[in-house]
> 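What follows is a structure written as structure tokens; I'll ask about it next.
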2 protein chains.
Amino acid sequence: MKKKISDSSIHRLSLYFRALSLFEMENYETVSSKELAKHEKLTPAQIRKDLSSFGSFGTRGLGYPVHELKNKIASILGIDRSWRVALVGIGNIGSALVSYKEFMKHGFQIIKLFDNDQRKIGSNHKGIIVSDIKNIQQELKESNIQIVIISVPATVAQNIVDDVVEAGVKAILNFAPINLRVPDDVILRNENMSMELEYLSFNLVNYSQEDDIEEV
Amino acid sequence: MKKKISDSSIHRLSLYFRALSLFEMENYETVSSKELAKHEKLTPAQIRKDLSSFGSFGTRGLGYPVHELKNKIASILGIDRSWRVALVGIGNIGSALVSYKEFMKHGFQIIKLFDNDQRKIGSNHKGIIVSDIKNIQQELKESNIQIVIISVPATVAQNIVDDVVEAGVKAILNFAPINLRVPDDVILRNENMSMELEYLSFNLVNYSQEDDIEEV
DNA sequence: CCATTCATGTGAATAGCTTCACAAGTAAAT
DNA sequence: ATTTACTTGTGAAGCTATTCACATGAATGG
């Protein structure tokens, strides 16, 4: 039975990958959990625990081999390959994501675009012709899409997700501010940008320096 | 002494607010923790615990008053007021965020834009003239900016953040894929969109249906 | 070759978060 | 007035995640 890896641990793997890429660029041969921890504001123990659930990659007294560990993490995260991604909804956010280089860098290739707006259908975005959303099921299948990014208004998101699921896609990244229903075998993640601003707002209101003085 | 509220709990408050807005639009007078839980795929107990750390808002046997609780949560999150936000970096992501209506809906008003590109400085985005990043410190102070959104390349992000901190801003939302250093009294949150795609990728590679069959 | 330093990997301990379970309160029906 | 059906708020229990602490191994310098 596979050990269940926690969500936070997976997210930290992304951080480790990013940090290792930097250390690699600076020609580090090895890096210790301590150095990595300092770089990503984590504890050395946590990094060792995280990594140890996938194997023993380090050398005692020396640390981890930068290049090798980076590749190993890429393989664990599945970003050592190319993913076929489609994006639905060519609005503000959608357009930005098509050109977002970080996605490409990590192997996420947006190769299909969909919209329901006649003015957008047929237009060219970064070399991709926008398809009519009416044909989404067929085209997702034809293009063998593995991941779909939803950047449509909340009101229409559920209908689109139902189609996407019906087309056999098993992974969805949702930017619409709504809680979508998907079957158990489909992985759905939400990207809610307001949420982080609200987190800031909460902290400004509740924990600003002035308030501390009043505490018991 | 104030009770420390966990990050996840704060994030869930955002979800509750969103859900309550919907229930309000559908003219619900009251809503139970059970209904809210179903709507947001959480447990009723968790919702009651979350809310109970801020007070007793419900009525036994009846549930929570939708409108009142929504307002109460808005006040807790600090989204019952208007926040003065500046955005630095008018690239793909930056441009999209300027027009992102969810921010405005929750009281986050982007009123200043900065860039270092001469072609962008002076141009008009949604009624805001882009300022030269050289003047950022002075202009942040003049406009009394409370929150800054960073959407510049990773390489220049730290320098900008240093300026922003120097200008007295206490809350920063960072879209650059890099770990930024800020003093303890500044709240920094990172929005890393690749991270969620990598989470999907990890799960596709490690927990897809096919693999389950091989488990012990 | 020995001492010293460094750093991993991991059980054990701790801390933090979520769920359970129930007393207590409310409303509605009879 | 009493019963029934609900639902909150919350200590206690259970579970998960993080940190501690140390045995173990590797490299370096004298």
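What's counted below: heavy atoms across the whole structure, side chains too, no hydrogens, waters or symmetry copies. A, B, ... follow the sequence lines: proteins, then strands. Residue 1 opens every chain.
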> Between C/dA7 atom C1' and A/Arg60 atom CZ, what is the distance in whole Å?
9 Å
> Salt-bridged, B/Arg12 to B/Glu40, with N to O below 4.0 Å?
no
> Quick one: A/Phe57 CZ to D/dA26 C1', roughly how many Å, whole number?
19 Å
> What is the separation between atom CD on B/Glu35 and atom P on D/dT7, rounded to the nearest whole Å?
7 Å
> Do A/Ile10 and A/Leu77 make a side-chain contact, defined as non-hydrogen atoms from C-beta onward lying under 4.5 Å apart?
yes
> Mind calculating the distance between CG (B/Leu62) and P (D/dG9) to the nearest angstrom?
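The answer, rounded to whole Å, is 11 Å.
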> Indicate yes or no: does A/Lys105 engage A/Glu102 in a salt bridge with an N to O separation below 4.0 Å.
yes
> Please check the phosphate of C/dT8 (OP1 and OP2 only) for any side-chain N or O of A/Thr59 closer than 4.0 Å.
no
> In this structure, how many angstroms lie between the P atom of C/dC6 and the CD atom of A/Glu29, rounded?
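Computing the A/Glu29:CD to C/dC6:P distance gives 20 Å.
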> I'd like to compare against my own output: the B/S/- annotation of nucleotides 13-20 of chain C with a strict under-4.0 Å heavy-atom distance to protein.
----SSBB
> Is there a side-chain polar atom (N or O) of A/Tyr64 under 4.0 Å from OP1 or OP2 of D/dA26?
no
> What pair of heavy atoms forms the shortest contact from B/Leu188 to B/Val182, and how long is it?
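Looks like CB-CG2, 3.9 Å.
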> How many whole angstroms separate atom NZ of A/Lys34 from atom C1' of C/dT5?
11 Å
> Should the ring pair A/Phe54 and B/Phe202 be called parallel, tilted or perpendicular, given that the plane angle runs from 0 to 90° and is split at 30 and 60?
perpendicular
> Does NZ or CZ of B/Lys70 come closer than 6.0 Å to the centre of the six-membered ring of B/Tyr64, within 45° of the ring's axis?
no
